[in-house]
> 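Quick one: the structure is below, questions incoming.
These numbers were taken from a predicted model, which means no experiment stands behind them. Lettering of chains follows the sequences in order, A, B, ..., and the numbering in each one begins at 1. Heavy-atom basis, side chains included; hydrogens, waters and symmetry copies ignored.
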Amino acid sequence: MTDQPPLEEIDQDAAIESAHHHEEPLVRDLPVRLRELIAVAACLGLGIWILVAGKGIVVRGSAELGPVFWPNMLGAGLILFGAVIVLNNVMRGVRKADVPERITTSGLAMFGMTMAVCIGYLLLWNVLQFWIITFVALALFTLVLGGRSWKAVLAFPTVTTAVLHFLFIVALRVPL
Amino acid sequence: MITVFTSPVTDGIAAVMAPDTLMIIGIGILIGMLVGAFPGVTATMAVALASGFTLTMEPTQGLAMLLTIYVAAQFGDRIPAILINTPGTPASIATTFDGYPLARQGKAGLALTTSALGSAVGMICGIVILAVAAVPLSAFAMQFGPAEMFALVVFGLTMMVGVSSGRIFKGLAAGAFGLFLATIGRDPITGDQRFTMGILELNGGIPFIPVIIGFFGLAEVINQILTHRKGKGIKPISQMGQWMPDGKLLKRLAKPTAIGAATGSVIGLVPAVGGDIAGIIGWDNARKSSKMKHEFGKGSLEGLTAGDTSSTATLGGSITTTMALGVPGDSVMAVMIGSMMIWGIQPGPGLFSSHPDLIASLVTILLIATVLTLILSLLRMKGVIKLLELPDHFLWVVILVFCMVGTYSINNSVFDVFMMLIFGMVGLFMLRFGFPPGPAVLGLILGPLAESNLRRALLTDGWGSIFTSPIAVVLLVIAVAAVTLPPLRQLVRRRKAANVGKNVPTLQP
Amino acid sequence: MKKTILRSAALIAAGLLTVTGCSANAKSGGTADGDFPSKDVRLIVPWAAGGSGDLTARTIAPLLEKDLGVNVIVENKPGANGSVAYNWLAEQEPDGYNLAMMGVEVATLQFMDYDIKPENYAPIGQGLAGPGAIAVPVDSPFKTLEDLIAAAKAKPGEVTFSSPGIGSVWDSPAAGLQQLADIKLTSVPFDGSAPAIAAAASGKVDFSIDAIGSQKVQVDGGHLRYLAMLTDERDPDNSDVPTAKEAGVDLQNASWVGIMAPKDTPEDTVKKLSDAMEKATADASYQEVIKSSNLVPTFKDSTEMAAFIQDEAKRYGPWIDYAKNNTK
């Protein structure tokens, strides 16, 4: 006999949970912690903006909770949570799982071009025929995101445009 | 001679079993799966379009078409949620929590099968409720006035902690952000503008579906693009080994399935609350009672099943309240009420006595549609997974363009597509800085209900109207317990662990 | 900016069409066009699919097609209480090829700080009406409208009613009731008619003011009881229910749905559309669909409609101001 307590006395749940609590070391590197300040700034900024912009809401009548009560509560809440994040993430550290993958230069370039195509596509959406603009947008997207063969730049957009046209215009009668 | 037993029930079933009705159910399934699978294209839209040509059909056939689309869309929308992190319809928001991580781990096939099975179980639970207890339950649903709705919503908001995946304070901040987004537009009581910044379209509030497509689908794609490295090269294996859950897994899934079904069935009865909220609440209820809490949100089959079962289980309840109260349970049901009135069926308290065969027909249609849809979902699983084998650039382009066109088709509005792009960027920011999107979406869904019902309750009878309603008080007590009990229990456990000493925090072999 | 892009695109498109020889009938702006209609007509629904306005559009479109001989394409363009579609229509070429469904909001949104002016549109006609009623829970102590008014007089602000939202077609006549009867009620605005009526049916508020047809479900189901009809004469289907006028409050109101075009649409085009609409609303299939939705098929032609909308604006303006300034 060992001094191990009988099986049923051991709280399996607690054991599993605590086993997992221990495997969460915090990342304490200064750049990672300073980066959290951006999150804090977002919380504080939005919270303050809500409180300021909320002043413009028309309040009439004498109800207990008027139209500004709810937004003010949320604005104050955001400021409070921003402050807690300072204590929790900036002062202590960040969980490993919360440190995102690095952004690459090529990725950033692809992202910029993708967004440019998206916006161009949208601006011309109601102006040009749907299938023309969609075909061009698809070809550009594929080109930007790394497709180079004729299949990628011509065949793929053609097929996709046809599918979209059939599905949305013919079947769902969406006025595109 | 065999005496043929006839009753309204058998009449109702026989009406559905006619070959042409069955064929209509088949068509409905195909349409429903398809619209469900495309983000932005909602079941409401398909049902509204279909109601144009079902008006000339017999009521049974017309109902078969509309209900089948509704049912099948609940299966179809799981597919993009699991494969590309984009909910096909809001009902599959909770599916993305665990479904997408599973797909990334190469378990897309298993996730799709489990999700379809869970959805089918949920659907059947909802249908059973409709069959046996429609009338008494609708009386219960009728009790949900502003005060009770407010209490229910507060209970829903306590789920924010649960869906924060460990990042509690950032989760709460995201939740407050979601609740704030819901205040943009016209004040629900006074009708004055709030935070509309002079943009006409914002008078109607932030459009919900574009936001979830942006938060989940677009943000994920953009993040993949941003972190793309040349020669990172080989795609993860999209599917390995197991397709069907084995006996052991099924046994483990029984509990979350039961929790999901119970959660969804109750929530479905409440008018104006649907599968989106039920999925999230069911997911969190299962998490709380699970032994593998840490897996939730990182690819837990339990979480996936619970969320899906719960969100489909609302369907039966939603049909029940619609038929028995005449109050639409959700937007699809609102369209269906219009069609039914033209067929001379007036949904409302008198329906079940004036058309006793109708309820049998409804149940039969729903059952057949569920079973057929399940079979179809299981059959074409392998084809669907092929999508993941596409090279990255094709997959990204397909997601981008389908999200844009799908978003446009909701309201035929370019503004909505811009909102989708903007919220994709917001979602990207949240993803990069560790704000979980779950609480934000929860806040956006529940925000208008929370604020407007609280203020309505105060208008009718002041604070008293909340504290004199037994339903509201019970719900509020549960809400308080949901927030305070888990940390207390943890504290007690830690204390126990400290007392027993070194032995306890070890895993049994 | 957007308009100029659209214009130039329209020019380019028109140019392309002439080059390819497809267009015998290039657009000629606001001038009269004897051949109207020569191409598809778009009918915009300013609401989401599923309501009575959407249903009207989808029922009337095939009937208009029959008469006009071209396709009538129904499109939903919901958003911001319908104002997205109304604003869109005001910017379209007034050639009769772009139409929109309309409700009373055309006349009333201007009082809710929206930039929608009834003068910017040329009404084509009215298609249906939904006359209103006041209904109370079946077990309500109020047996007549007089009881309700007396109770509200005794305790100002204690009697509550549910409305589909402030400034809406059914919140406003409640303001009218308060002014005419010199009483003070508490409005509890809901998000649409269905939840508002349900709240009255379950006794959460003291009465509901809405369309007779919308309340009918709960009346038939034994949850609500009509107290008074907001009609000129008694409703033939509920002849035992008195009108508000009989109770000494001369209040009438009905929701309605119509069709309109942008202003400056040529008169003969409006006339043609209005005639087509008259025929469509008289069609048996249209009548059947509208009646089975508990609404009343009603037709007013373009001239009657223009005067009617002005009257509605005059009626609703003070009501909405009253409602806004007396919210609790």
> Over all heavy atoms of both residues, which pair between V153(B) and L446(B) is shortest? Give the atoms and the distance, please.
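Heavy atoms only, the tightest pair is CG1-O, 3.7 Å.
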> For the CD1 atom of I85(A) and the CD1 atom of I168(B), what is their distance to the nearest 0.5 Å?
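Result: 12.0 Å between the selected atoms.
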> Considering only heavy atoms, which portion of V35(B) lies under 4.5 Å from any heavy atom of chain A: side chain, backbone, both, or neither?
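Only the side chain of V35(B) comes within 4.5 Å of chain A.
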> Less than 4.5 Å to any heavy atom of chain B: does that hold for the side chain of T114(A), its backbone, both, or neither?
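It is the side chain, since no backbone atom gets that close.
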> So which of S409(B), G447(B), G443(B) has the largest heavy-atom pair count under 4.5 angstrom toward chain A?
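Heavy-atom pairs under 4.5 Å are most numerous for S409(B).
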> Between M420(B) and P210(B), what is the shortest heavy-atom contact and its length?
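Residues M420(B) and P210(B), closest heavy atoms: CG-O, 3.5 Å.
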> Picking from W396(B), Y408(B), F435(B), F38(B), which has the most non-hydrogen pairs under 4.5 angstrom with chain A?
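Most pairs with chain A among the choices: Y408(B).
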> Look at G146(A), G75(A), P157(A) and state which one has the largest set of heavy-atom pairs under 4.5 Å with chain B.
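With the most close heavy-atom pairs to chain B, the winner is G146(A).
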> First locate atom CG of L181(B), then atom CZ of F177(B), and finally report the distance between them rounded to the nearest 0.5 Å.
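Going from the CG atom of L181(B) to the CZ atom of F177(B) covers 4.0 Å.
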> If I measure from the heavy atoms of chain B, does L167(A) come under 4.5 Å with its side chain, its backbone, both, or neither?
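For L167(A), the side chain is the part near chain B, not the backbone.
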> So how far is it from L449(B) CG to L454(B) CG, rounded to the nearest 0.5 Å?
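Interatomic distance, L449(B) CG to L454(B) CG, rounded to 0.5 Å: 12.0 Å.
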> Does L122(A) reach the side chain of W125(A), with side-chain heavy atoms less than 4.5 Å apart?
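Yes - at least one pair of side-chain heavy atoms lies under 4.5 Å apart.
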> Could you check N89(A), L80(A), L87(A), N88(A) and say which one makes a side-chain contact (heavy atoms from CB on, under 4.5 Å) with F169(B)?
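It is N88(A), the one option of N89(A), L80(A), L87(A), N88(A) that forms the side-chain contact (heavy atoms from CB on, under 4.5 Å) with F169(B).
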> Does any heavy atom of chain B fall under 4.5 Å from the side chain of M115(A), the backbone, both, or neither of them?
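For M115(A), the contact with chain B is made by the side chain alone.
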> Tell me, for V401(B) versus chain A, whether the close heavy atoms (under 4.5 Å) come from the side chain, the backbone, both or neither.
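Answer is side chain: those atoms of V401(B) sit under 4.5 Å from chain A.
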> Going by side-chain contact (heavy atoms from CB on, under 4.5 Å), name the residues that satisfy it together with F81(A), two or more places apart in sequence or in a different chain.
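Expected list: L172(B), A173(B), A176(B).
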> Non-hydrogen atoms of chain B under 4.5 Å away: do they reach the side chain of T160(A), the backbone, both or neither?
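Only the side chain of T160(A) comes within 4.5 Å of chain B.
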> Relative to chain B, which segment of A152(A) carries a heavy atom at a distance below 4.5 Å: side chain, backbone, both, or neither?
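Contact with chain B involves both backbone and side-chain atoms of A152(A).
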> So which residue, V405(B), N412(B), V417(B), T183(B), ends up with the most heavy-atom pairs under 4.5 Å with chain A?
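It is V405(B).
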> Using non-hydrogen atoms only, which part of V163(A) is less than 4.5 Å away from chain B: side chain, backbone, both, or neither?
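Only the side chain of V163(A) comes within 4.5 Å of chain B.
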> For chain B, which of G82(A), A42(A), P100(A) has the most heavy-atom pairs under 4.5 Å?
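Answer, by heavy-atom pair count under 4.5 Å with chain B: P100(A).
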> Do side-chain atoms of R148(A) reach the backbone of L143(A) as a donor and acceptor pair under 3.5 angstrom?
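Checking the backbone N and O of L143(A) against the side chain of R148(A), a donor-acceptor pair under 3.5 Å is found.
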> Are any side-chain N or O atoms of T460(B) and backbone N or O atoms of A457(B), one a donor and one an acceptor, separated by less than 3.5 Å?
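A pair under 3.5 Å: yes.
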> If you count heavy-atom pairs within less than 4.5 Å of chain A, which of M425(B), M430(B), H393(B) leads?
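Max contact count across the listed options: H393(B).
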> Is it the backbone or the side chain of L46(A) that comes under 4.5 Å from a heavy atom of chain B, or both, or neither?
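For L46(A), the contact with chain B is made by the side chain alone.
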> Quick one: what part of F156(A) sits under 4.5 Å from any heavy atom of chain B, side chain, backbone, both or neither?
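Answer is side chain: those atoms of F156(A) sit under 4.5 Å from chain B.
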> Which of these passes side-chain contact (heavy atoms from CB on, under 4.5 Å) with I222(B): T227(B), L431(B), L428(B)?
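By the side-chain contact (heavy atoms from CB on, under 4.5 Å) criterion, I222(B) pairs with just one of T227(B), L431(B), L428(B): L428(B).
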> Of the listed residues (A39(A), P67(A), G54(A), G107(A)), which shares the most heavy-atom pairs with chain B below a 4.5 Å separation?
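The residue among A39(A), P67(A), G54(A), G107(A) with the greatest pair count is P67(A).
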> Under 4.5 Å from any heavy atom of chain A, what part of I225(B) do you find: side chain, backbone, both or neither?
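Contact with chain A: backbone and side chain both.
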> Tell me, side chain or backbone of E451(B) under 4.5 Å from chain A's heavy atoms, or both, or neither?
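It is both, since atoms from each part get that close.
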> Students often mix this up, so state it plainly: with edges at 30° and 60°, are the rings of F180(B) and F195(B) parallel, tilted or perpendicular?
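Ring orientation of F180(B) relative to F195(B): perpendicular.
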> So for L226(B), is it side chain, backbone, both, or neither that comes closer than 4.5 Å to the heavy atoms of chain A?
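Both parts, heavy atoms under 4.5 Å.
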> At their closest point, which heavy atom of R456(B) faces which heavy atom of I189(B), and how far apart are they?
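Taking every non-hydrogen atom into account, CG-CD1, 4.1 Å.
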> Would you check if the side chain of T161(A) reaches a backbone N or O of W131(A) as a donor-acceptor pair within less than 3.5 Å?
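Such a contact is absent between T161(A) side chain and W131(A) backbone.
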> Look at G112(A), P71(A), C43(A), A137(A) and state which one has the largest set of heavy-atom pairs under 4.5 Å with chain B.
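If we count pairs closer than 4.5 Å to chain B, P71(A) comes out on top.
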> Non-hydrogen atoms of chain A under 4.5 Å away: do they reach the side chain of R194(B), the backbone, both or neither?
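Both backbone and side chain.
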> Relative to chain B, which segment of C118(A) carries a heavy atom at a distance below 4.5 Å: side chain, backbone, both, or neither?
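Contact with chain B involves both backbone and side-chain atoms of C118(A).
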> Between V84(A) and chain B, which part of the residue has a heavy atom less than 4.5 Å away: side chain, backbone, both or neither?
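Contact with chain B is through the side chain of V84(A) alone.
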> Name the region of L34(B), side chain, backbone, both or neither, that has any atom closer than 4.5 Å to a heavy atom of chain A.
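Just the side chain, heavy atoms under 4.5 Å.
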> Any cation-pi pair here, R35(A) with F433(B), using under 6.0 Å and within 45°?
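Yes, cation above the ring, under 6.0 Å and within 45°.
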